[in-house]
Amino acid sequence: MSALEEGFESVLPAPAARRPGTWSRVVRSPSVIFGATILLLMLAMAVAAPLLGTTDPIAIDPAWRNKHPGTEHPVTLSTGATETIVHWMGTDTLGRDVYSRVVYGSRVSLVVGAAVAVISVAIGLFIGLLAGYIRWLDGIVMRVMDGLMAIPGILLAIAVLSVWGAGLLTVIVAIVVPEVPRVVRLVRSVVLSVREEPYVEAAVSVGTPTPLLLIRHVLPNTIAPLIVQGTYIAASAILIEAILSFLGIGIPPETPTWGNIMAEGRTLFRIFPHNIFFPGLFLALTVLAVNMLGDGMRDTLDPRLGKRL
Amino acid sequence: MSEPVLAVENLSIALPGGADRIRAVEDVSFEVHRGEILCLVGESGSGKSVIAQTVMGLLPKALRVVGGTARLEGEDVLSAGKRRFRALRAARMSMIFQEPMTALNPVMSCGEQIDEVLRTHTRLGAAERRRRIHDILAEVQLPEPERMMASFPHQLSGGQRQRIMIAMALVLEPALLIADEPTTALDVTTQARILELIKRIQATHGTGVLFITHDFGVVAEIADRVAVLQQGRLVELGDTRQVLGDPQHPYTRMLIDAVPSMTPRLRQREVGSTPVLRTRRLGKIYHDKSLFRRARTVHAVDGVEIEVRRGETLGIVGESGSGKSTVARCVARLIDPTEGEILIGEEDIAKLPAARLRGQRRRIQIVFQDPYRSLNPRRKIGQSIIEGPMNYGLSRAEALDRARALMELVRLDPAALDRYPHQFSGGQRQRICIARALAMEPELLIADEAVSALDVSVQAQVLGLLDDIRRKLRLAMLFITHDLRVAAQICDRIAVMHKGRIVEEGPVADVFAQPRHAYTQALLAAAPGRGWRFGEAVAEQRAG
């Protein structure tokens with residue numbers, strides 16, 4: 001009552017930083033630090049591939065096939081001088097340097113991981129927002145998504161690749177298609193709960209047009225779960241690309257990708273395990289890093305899980 | 001005098017760093033005796049639940065007891081370990097909670113849940129346990145004990161669930177029962193019956209009860225003695241009659257004065273002649289369609305006809321599920337009515353398509369119940385207030401000018417427009433929501449349980465503000481509430497809703513003085529503390 005008579009309240013809490021804590025908590029999480037460090041190293045390696053003592057990853061040398069890791073290889077350059085190349089990871093059945101192929105192969109893996117994550121999140125976000133907010137669209141869209149989810153991902157990828165032929169772009173498309181329904185489901189479930197929030201209803205009753213309403217009030221709530229989901233998609237995309245390449249239906253075999261290197265090393269695995277070991281190690285490390293990044297962000301971005309920790 | 005069941009002495013509990021005060025509870029002492037009900041009253045954040053959690057050994061890890069003792073029949077419970085607590089709980093002290101749906105296990109039948117208590121704490125045989133469950137269910141007056149034992153929590157009503165909780169808590173005849181807001185989530189008529197049950201069972205078994213509540217009406221109904229907490233300190237302790245009738249501490253007096261009176265206030269009526277809102281046979285039917293089941297239809301709202309004129313407040317009162325909020329949401333067109341007309345002025349908006357509705361939206365604005373969810377936490381409150389006017393073509397500068405003026409109208413500092421919602425208290429947020437609604441210059445303001453989530457002292461302020469604004473701006477107001485005391489203070493006329501229909505309507509004084517419909521009579525009779533003249537002094541001061 002007193003405040004009513006005394007005019008407006010002067011006692012307000014001091015201005016604080018905007019929603020403090022969340023991002024500083026994210027960057028302090030050990031799993032985020034670990035995952036991000038490994039990923040940054042992989043990224044640096046992919047970008048700086050020509051500067052890392054690599055040779056042409058496609059160059060075939062029939063005289064130097066199936067060499068064990070550490071073999072020294074004297075080469076005569078066009079100038080007449082001789083130079084010694086050390087095959088740190090040995091050579092494959094066509095005499096290509098495995099180290100160079102693994103380093104260059106990281107480019108494909110990272111591009112596929114990032115592209116699939118970004119594209120499927122973008123498409124899924126758009127469809128999910130519409131399905132979650134526009135009631136009549138929901139039933140139709142979700143049945144289509146259910147249908148897509150019923151098809152095994154790898155099988156669908158094989159079908160897509162056999163129709164359009166192998167190549168980086170088709171591989172990306174083939175992996176994106178089965179990931180989209182997962183994102184749609186996630187976004188839709190967030191939208192369904194947020195649309196009942198009184199602040200969204202308040203925005204409706206002050207006449208905010210639907211597109212603006214979705215962008216301003218609904219979309220920001222989907223960001224945190226999507227970042228986390230995005231990392232899991234990236235990890236699984238890197239694996240699926242390797243699987244498709246390994247099966248010989250992914251990226252053409254001359255292009256170095258971790259899956260391709262492993263596929264070629266398969267026949268002589270017992271005698272020359274390095275062809276599978278090194279790309280496998282890099283693949284496992286990258287997927288682990290992406291997953292740890294995702295786990296760390298899930299724990300720190302989701303306040304409900306955060307409280308339990 | 002015999003030894004008290006519970007003796008709390010100089011109890012102090014520290015809050016973690018960064019909280020608004022150092023201690024959650026500071027130097028609190030009280031006793032609960034056999035066969036006595038002690039009410040612990042306070043507003044939110046007063047530390048009343050923390051005391052209960054301490055006694056039960058349920059204190060969150062972040063809180064730490066830094067001083068004092070708590071003795072249960074002479075035994076120090078603060079030093080008891082986990083094993084000892086397990087033996088004490090249910091056997092010598094039990095607790096019932098606010099929300100019986102979440103306090104019960106949804107995948108166990110009610111009988112099994114009571115049986116679990118018996119199996120853990122006694123060596124009784126199956127037949128004997130069954131007999132005990134049967135007896136206790138009969139004692140808490142649940143019909144058909146056999147069917148109740150086999151039922152799952154979701155199959156029961158809120159009142160029945162709370163009775164199961166009470167049965168579970170009392171089956172081992174503990175010496176102490178702690179009840180933490182056990183009736184807050186229930187409708188008034190159910191609340192009245194549960195209060196009566198707790199009182200009766202407690203009297204027959206001689207149980208000591210520590211009853212936690214924020215509601216002075218409930219205190220008046222049930223307490224033998226009252227302890228008033230303010231910010232973790234015990235400011236007053238005494239017999240109910242003495243504390244309610246002649247409060248000594250200024251805080252107690254303020255709390256009691258803030259309880260709205262059941263006597264409708266005499267108001268100057270400046271009601272205009274033109275109706276702002278009229279509904280004709282308004283209906284909302286929910287179809288539960290399913291591919292594999294027979295469709296069910298629910299008449300949430302059925303043939304509702306209301307009329308609100310300029311400068312008038314119409315209250316819609318009713319219990320949960322009565323359809324009162326559905327009416328509000330239909331009128332605001334947040335949901336689409338299935339039948340009938342909603343006339344705003346002369347325009348029927350009931351069936352308007354979205355595109356044409358937008359033009360009409362600004363004429364009706366709504367303020368919601370939950371102040372913590374009504375504002376987008378990611379946007380500054382200024383952005384929230386100017387969003388509406390800018391949707392209708394006002395420039396940013398003009399909208400901001402209007403927002404500043406409105407902040408003054410709702411008695412907040414206009415400089416606070418660039419703060420975020422989490423920097424405001426619940427009452428302040430509710431005032432910001434009112435400012436946002438008023439920014440649209442509406443003809444009709446709907447308040448959907450707008451003061452129900454607020455503490456009484458804040459509630460009184462917001463009610464005063466709403467009434468002020470209605471008078472100044474000559475607004476028509478539709479006030480949805482379950483609280484008859486609130487309705488008595490702010491409404492000119494009230495409509496009582498029951499099962500989707502309006503069962504009685506009229507000037508508030510007439511309905512309160514001579515309720516015609518049986519349901520209205522039951523509702524009025526169930527209002528807690530109606531024998532006490534809460535807030536009368538204030539009402540008289542206002543009139544005088």
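Proteins come first, then strands; the chains are lettered A, B, ... in the order of their sequence lines, and each starts at number 1. Computed from a prediction, not measured in an experiment: that's the story for all the values here.
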Item to complete: With side-chain contact (heavy atoms from CB on, under 4.5 Å) as the test, would you mind laying out the steps for A:Arg216 and B:Arg379 before giving the verdict?
Response: CA-CA 9 Å; A:Arg216 239 184 231 167; B:Arg379 314 198 84 216; 3.4 Å; yes

Item to complete: Check the pair B:Arg361, A:Val204 against side-chain contact (heavy atoms from CB on, under 4.5 Å), reporting the backbone distance first and the verdict last.
Response: CA-CA 9 Å; B:Arg361 278 215 186 274; A:Val204 172; 3.6 Å; yes

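Heavy-atom neighbours of B:Arg253 CZ from other residues, nucleotides or ligands within 6.0 Å: above the threshold of 12. Atom CG of A:Leu169 has 12 or fewer neighbouring heavy atoms from other residues, nucleotides or ligands inside a 6.0 Å radius. Around OH of B:Tyr372, the count of heavy atoms belonging to other residues, nucleotides or ligands within 6.0 Å exceeds 12.
Only the side chain of B:Arg358 comes within contact range of chain A, with heavy atoms under 4.5 Å apart. B:Leu334 touches chain A through its side chain: at least one heavy atom from C-beta onward sits under 4.5 Å away, while N, CA, C and O do not. Residue B:Ile364 touches chain A through its backbone alone, counting heavy-atom pairs closer than 4.5 Å. Neither the backbone nor the side chain of B:Arg333 comes within less than 4.5 Å of any heavy atom of chain A.
Listed options A:Ala203, A:Pro220, A:Gly207, A:Pro209 were ranked by heavy-atom pairs under 4.5 angstrom with chain B; first place goes to A:Gly207. For chain A, the option among B:Met254, B:Gln365, B:Glu387 with the highest count of heavy-atom pairs below 4.5 Å is B:Glu387. With chain A as partner, the option from B:Asp370, B:Asp448, B:Asn376 having the largest number of non-hydrogen pairs under 4.5 angstrom is B:Asn376.
Side chains of A:Ser205 and B:Met440 form no contact here, defined as non-hydrogen atoms less than 4.5 Å apart.
In this structure, B:Arg436 CZ and A:Tyr199 OH are separated by 11.0 Å, a value rounded to the nearest 0.5 Å.
Scanning both residues, A:Ala202 and B:Ser374, for their nearest heavy atoms gives CB-O, 4.5 Å. Closest approach of A:Leu212 to B:Asn391, counting heavy atoms only: CD2-OD1, 4.3 Å.
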